[in-house]
Amino acid sequence: MVERTVFIHLPGEPAAVPAGRLTLVEQGLQVQASRFAYGRRYVARANAVPVDPVSLDLASATNDGECVPIAGLALFGALRDATPDAWGRRVIENRLRAPPNGLPESVYLDHAGPHRAGALDVRESPSSPPVGGMLPDIVDLQHLLEAASRIDAGEPVPAHLQDLFSGGPSMGGARPKAVVRVENGEWIAKFPTSNDPFDVPTVEHATLELARKAGLDVPRTRLESLADGRRVMLIERFDRVSLAHGIGRRHMVSALTLLALHERQSADSSYAQIVDALARYGVSGWIAGDRRELFARMVFNILVSNDDDHLRNHAFLYDAPGRGWRLSPLYDVVPKPQVASERMLHLAVGPQGRLARLDNALAGAGRFGLLPPAAARIIDRVVCAVRPWRDAFEALGVPARDCDRIASAFRRPADIGMREVARKL
Ligand SMILES: Nc1ncnc2c1ncn2[C@@H]1O[C@H](COP(=O)(O)OP(=O)(O)O)[C@@H](O)[C@H]1O
Ligand SMILES: [Mg+2]
């Protein structure tokens, strides 16, 4: 049995406070069960934030009792989100000289470091100080990429590069990445890998900028060219905020957590379920706007064949004034070239399930609270923004060769039900 104190950075505060005690029951490497008890002083704070939206309601935490995760989950979703799922694990294993996924879950939880996703931190006891760890600067990108490539290849990182990841591995997702300081903010650097089929950082950058043109809510991004010609995409962290003294954190959970699901259930889920979770945990006054945004993202994913739209690629941020959860800005959208004309997204779109067609999206729009004309206008807006993708991509530095390689990802609206949509306009 492992006992830890969960800390949280409350809104506007640069230092974390203890929120409660986490108990993990582990068998081998796996967590079998977990329990959490809020601290009495934490619950008494006027600005207390729920550690987990679905399993750890503050209102029911008054009797100092222990809670267990709902829906038979072994670990609270919010703590699962505070632990890296893939890349960050490779960084920890590299440092501890362990094989892939070869460490107990509590070790990953302990070593995710102070720059992990969201506002949670996990420490030994309520009096444990935060782990230090400076973030590397953007000028270190070339060295960071070298260290990341070693980690990706499962090779030891040379001593002179070790310090670059001393602040902890921080983020999940599969691709090599690092958190870097840019001016006074925190950004995620996403690196190229040796087996990329095209220049993924440049294409991801261009895709996110195209999404911005389609009216989607996209964090600031930039593309850095290294001396050796390789490129790195940078995206500003939306779970960090600049404060007068230091950097504050925003509590963030994945859609997997807000839906109270296990990882393996992601592929059986739908955008409509995210809408339902928003109705339950969203912020009144913002829910309708968040649903429209989610609908537009789904349409964008259909048009660029981004079928990596799983439940960890949608996130929610805690909104302190509204005491609820709001859809985070967009991230991790990359066109996937393919030959088949019948394509699927990861999540179900409408009545025809995961079928990636505009008429399927239109037919399912009612679940998003959208009448057909309103849904058709959103689809039309996104279609118009995506149509000139090639000019936009070339202007953003995607080489013509790579545009050719990804061209099959972009759908012709007429082939995927635009006629049906146009009838409602
Ligand atoms: N701009 C951002 N701000 C805060 N967190 C982010 C941002 N972009 C990504 N993340 C978090 O980092 C994780 C990994 O990033 P992602 O872009 O999905 O990488 P990958 O392509 O490897 O899946 C995401 O699941 C999300 O939790
Ligand atoms: Mg991802």
Side-chain angles (χ1 to χ4, degrees), residues 206-219 238 255 258 269-279 282-311 313-317 325-336 343-389 392 409-425:
T207 309
L208 287 169
E209 291 308 315
L210 190 69
R212 192 193 311 285
K213 286 196 181 133
L216 300 184
D217 179 16
V218 181
F238 45 68
L258 209 66
S269 310
S270 63
Y271 281 93
Q273 281 172 271
I274 303 183
V275 170
D276 293 347
L278 267 172
V283 180
S284 63
W286 293 103
I287 294 173
D290 281 351
R291 282 174 177 169
R292 295 171 70 84
E293 170 78 16
L294 186 66
F295 184 77
R297 289 183 191 179
M298 179 176 83
V299 170
F300 189 82
N301 287 337
I302 291 171
L303 288 166
V304 307
S305 304
N306 171 41
D307 61 2
D308 197 28
D309 55 332
H310 54 75
L311 290 176
N313 276 339
H314 298 277
F316 297 85
L317 293 166
W325 296 84
R326 289 208 53 198
L327 195 60
S328 81
L330 183 71
Y331 60 92
D332 204 6
V333 182
V334 183
K336 169 120 158 266
R343 300 183 188 174
M344 305 290 164
L345 293 190
H346 178 96
L347 296 176
V349 167
Q352 295 186 78
R354 297 160 57 220
L355 194 63
R357 287 181 59 96
L358 300 175
D359 45 9
N360 192 20
L362 180 70
R367 282 290 287 275
F368 292 76
L370 294 167
L371 292 170
R377 278 196 299 277
I378 295 175
I379 296 173
D380 189 52
R381 183 189 86 206
V382 181
V383 163
C384 289
V386 174
R387 195 174 284 127
W389 70 270
F410 291 85
R411 311 302 305 270
R412 280 189 44 213
D415 294 344
I416 52 172
M418 189 61 193
R419 205 161 305 135
E420 185 67 27
V421 175
R423 249 184 247 134
K424 304 287 180 202
L425 280 173

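The chain is numbered in sequence order, starting from 1.
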[X] side-chain N/O to [Y] backbone N/O, donor-acceptor pair under 3.5 Å:
X	Y	result
Asp290	Leu327	yes
Ser270	Ala348	no
Arg354	Met344	no
Tyr331	His314	yes
Arg419	Ala414	no

Let me confirm one number: the [atom1]-[atom2] distance from [X] to [Y], rounded to the nearest 0.5 Å.
X	Y	atom1	atom2	value
Leu355	Arg343	CG	CZ	11.5 Å
Leu278	Ile287	CG	CD1	6.5 Å
Ile379	Lys424	CD1	NZ	11.0 Å
Trp389	Thr207	CH2	OG1	9.0 Å
Arg387	Leu210	CZ	CG	12.5 Å
Arg292	Ile378	CZ	CD1	4.0 Å

Salt bridge between Arg297 and Glu293, side-chain N to carboxylate O under 4.0 Å? yes
Please find the pair of heavy atoms, one from [X] and one from [Y], that lie closest to each other, and give the distance.
X	Y	result
Ala392	Lys213	CB-NZ, 3.9 Å
Gly364	Pro351	N-CD, 3.6 Å
Ser269	Leu311	OG-CD1, 3.6 Å
Leu216	Ala296	CD2-CB, 3.4 Å
Ala356	Ile416	O-CG2, 4.0 Å
Ile274	Ala255	CD1-CB, 4.2 Å

Contact check, side chains of [X] and [Y], non-hydrogen atoms, under 4.5 Å:
X	Y	result
Val349	Met298	yes
Pro219	Leu208	no
Phe300	Asn306	no
Asp332	Asp308	yes
Val421	Val383	no
Phe410	Leu303	no

Anything under 30° is parallel, anything over 60° is perpendicular, the rest tilted; go ahead and classify Phe368 against Tyr271. tilted
Suppose the criterion is side chain to side chain donor-acceptor pair (under 3.5 Å): which pairs have a residue in residues 355-364, not counting sequence neighbours? Arg357-Asp359
Would you mind listing every side chain to side chain donor-acceptor pair (under 3.5 Å) that reaches into residues 367-376, with sequence neighbours excluded? Asp276-Arg367
A quick test of your reading: do over 12 heavy atoms of other residues, nucleotides or ligands sit less than 6.0 Å from CZ of Arg411? yes
